[in-house]
2 protein chains.
Amino acid sequence: MLDTAGCPDCKRINDVLSRVGDRWSVLVVISLARDGTLRFNELKKNLGISQRMLSLTLKELERDGLVHRTYHPTIPPKVEYTLTEMGQSFREPVSALGYWALENLTKIDAARQAYDKSVAK
Amino acid sequence: MLDTAGCPDCKRINDVLSRVGDRWSVLVVISLARDGTLRFNELKKNLGISQRMLSLTLKELERDGLVHRTYHPTIPPKVEYTLTEMGQSFREPVSALGYWALENLTKIDAARQAYDKSVAK
DNA sequence: CATAGTGGTTCCCTATTTGTTACCGAGGTT
DNA sequence: AACCTCGGTAACAAATAGGGAACCACTATG
């Protein structure tokens with residue numbers, strides 16, 4: 001099972017999607033793309049993400065080479081996050097997705113309401 | 001919590017992403033985009049998805065107005081799925097993401113290996 | 001009679017994800 | 001001395017995702 005026969009690219013797309021395709025990763029990239037450099041607690045406040053999930057998400061993004069982490073060993077410590085070159089290049093498809101989302105949000109809501117009404121009756 | 005203050009669009013993007021952003025939805029859209037019309041068991045075979053998840057995914061996509069379902073009351077029954085106009089428009093950002101994924105898969109793998117090695121030592 | 005084929009739905013169980021809370025260290029502030 | 005800040009980590013609890021198998025209706029075929 002799960003051999004995805006018949007759609008060879010599906011498996012690879014699937015691979016990448018399961019890495020960078022989660023909600024928080026995308027939102028972190030969007031935030032960093034907009035603001036350039038952000039500190040840990042700035043991201044946390046901006047996104048309304050829990051400390052734990054932000055920590056995990058940033059660690060994954062750093063591991064995948066999309067985000068660069070700069071640690072300043074001051075007291076209190078200061079850590080800055082920026083996009084790497086690959087992270088920058090990720091902006092384009094993500095922006096495309098974001099724009100589509102904003103443009104089609106109302107259509108989706110309308111479709112949902114219509115569907116729910118037609119099912120309920 | 002979770003008020004996403006400071007990034008008003010984030011919440012909305014988040015909304016849409018949590019609807020159409022899961023792995024199976026994306027793969028179903030890709031398959032339908034490529035083949036035009038597919039039946040339930042064709043999708044199931046192509047994607048290696050379980051019957052349950054395919055059923056749930058298709059129902060959601062239909063509800064969101066991305067997929068159109070045509071039921072032929074023959075014996076045995078025949079159901080055909082196609083993309084709606086909005087589903088077609090979703091192809092573009094998804095394709096962009098797919099191309100990025102294919103282009104950067106090896107880079108991500110390399111970054112991962114480098115990161116893991118630097119942490120392990 | 002039994003079986004297969006089609007498009008599901010429902011129940012059960014497990015695995016993964018996500019959130020909550022508490023805690024840390026080192027130095028500065030009150 | 002007590003408390004605050006920053007950037008996390010560890011432990012625990014809850015929610016969700018996902019697979020597998022069984023079942024359904026209906027009919028044609030062997």
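Order of the sequence lines sets the chain letters (A, B, ...), proteins ahead of strands, with each chain counted from 1. In this text, all values refer to a predicted model and were calculated from it rather than measured experimentally.
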So, is [X] close to the [N] phosphate, meaning a side-chain N or O under 4.0 Å from OP1 or OP2?
X     : N      : value
A:S50 : C:dT20 : no
B:R39 : C:dG7  : yes
B:S55 : C:dT9  : yes
B:K59 : C:dG8  : no
A:K44 : D:dG8  : no
A:R69 : D:dG8  : yes

Report the distance from atom [atom1] of [X] to atom [atom2] of [N], rounded to the nearest whole Å.
X     : N      : atom1 : atom2 : value
B:L56 : D:dT16 : CG    : P     : 14 Å
A:L54 : D:dG8  : CG    : C1'   : 10 Å
A:L47 : C:dT18 : CG    : P     : 14 Å
B:I49 : C:dG7  : CD1   : C1'   : 14 Å
A:L38 : D:dC6  : CG    : P     : 14 Å
A:M53 : D:dT16 : CE    : P     : 15 Å
B:E60 : D:dT16 : CD    : P     : 13 Å
A:Y71 : D:dG8  : OH    : P     : 8 Å

Could you tell me whether A:E60 and A:R63 have a side-chain N and a carboxylate O separated by less than 4.0 Å?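 Result for this pair is yes, salt bridge flagged.
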For A:Q51 and for B:E80, find the nucleotide of DNA chain C with the closest heavy atom, then tell me which residue's nucleotide is more 5'.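 Its nucleotide being nearer the 5' end, the pick is B:E80.
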If a pair satisfies ring pair (Phe, Tyr, Trp, His ring centres under 6.0 Å) and one of its residues is in residues 41-90 of chain B, list it, with sequence neighbours excluded.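 As it turns out, the ring pair (Phe, Tyr, Trp, His ring centres under 6.0 Å) pairs with a partner in residues 41-90 of chain B, which skip direct neighbours, are A:W100-B:F90.
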So, using salt bridge (Lys or Arg N to Asp or Glu O under 4.0 Å) as the criterion, who are the partners of B:E92 when residues are at least two apart?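 Listed in chain order: nothing, the list is empty.
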Atom OG of B:S31 and atom CG of B:L38: how far apart are they, to the nearest 0.5 Å?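 One finds 6.5 Å between OG of B:S31 and CG of B:L38.
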Options D:dG8, C:dG8, C:dT20, nucleotide nearest the side-chain atoms of A:R52: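 For the A:R52 side chain, the nearest candidate turns out to be C:dT20.
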Could you pull out the closest heavy-atom pair between A:S25 and A:V20, with the gap in Å?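 Closest approach of A:S25 to A:V20, heavy atoms only: CB-O, 3.8 Å.
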Toward the 5' end of DNA chain D, by each residue's nearest nucleotide, A:K78 or B:R23: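 Comparing both residues, the 5'-ward one is A:K78.
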With DNA chain D as reference, determine whether A:P76 or A:L58 sits nearer its 5' end, using the nearest nucleotide of each.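 Per heavy-atom nearest nucleotide, the more 5' residue is A:P76.
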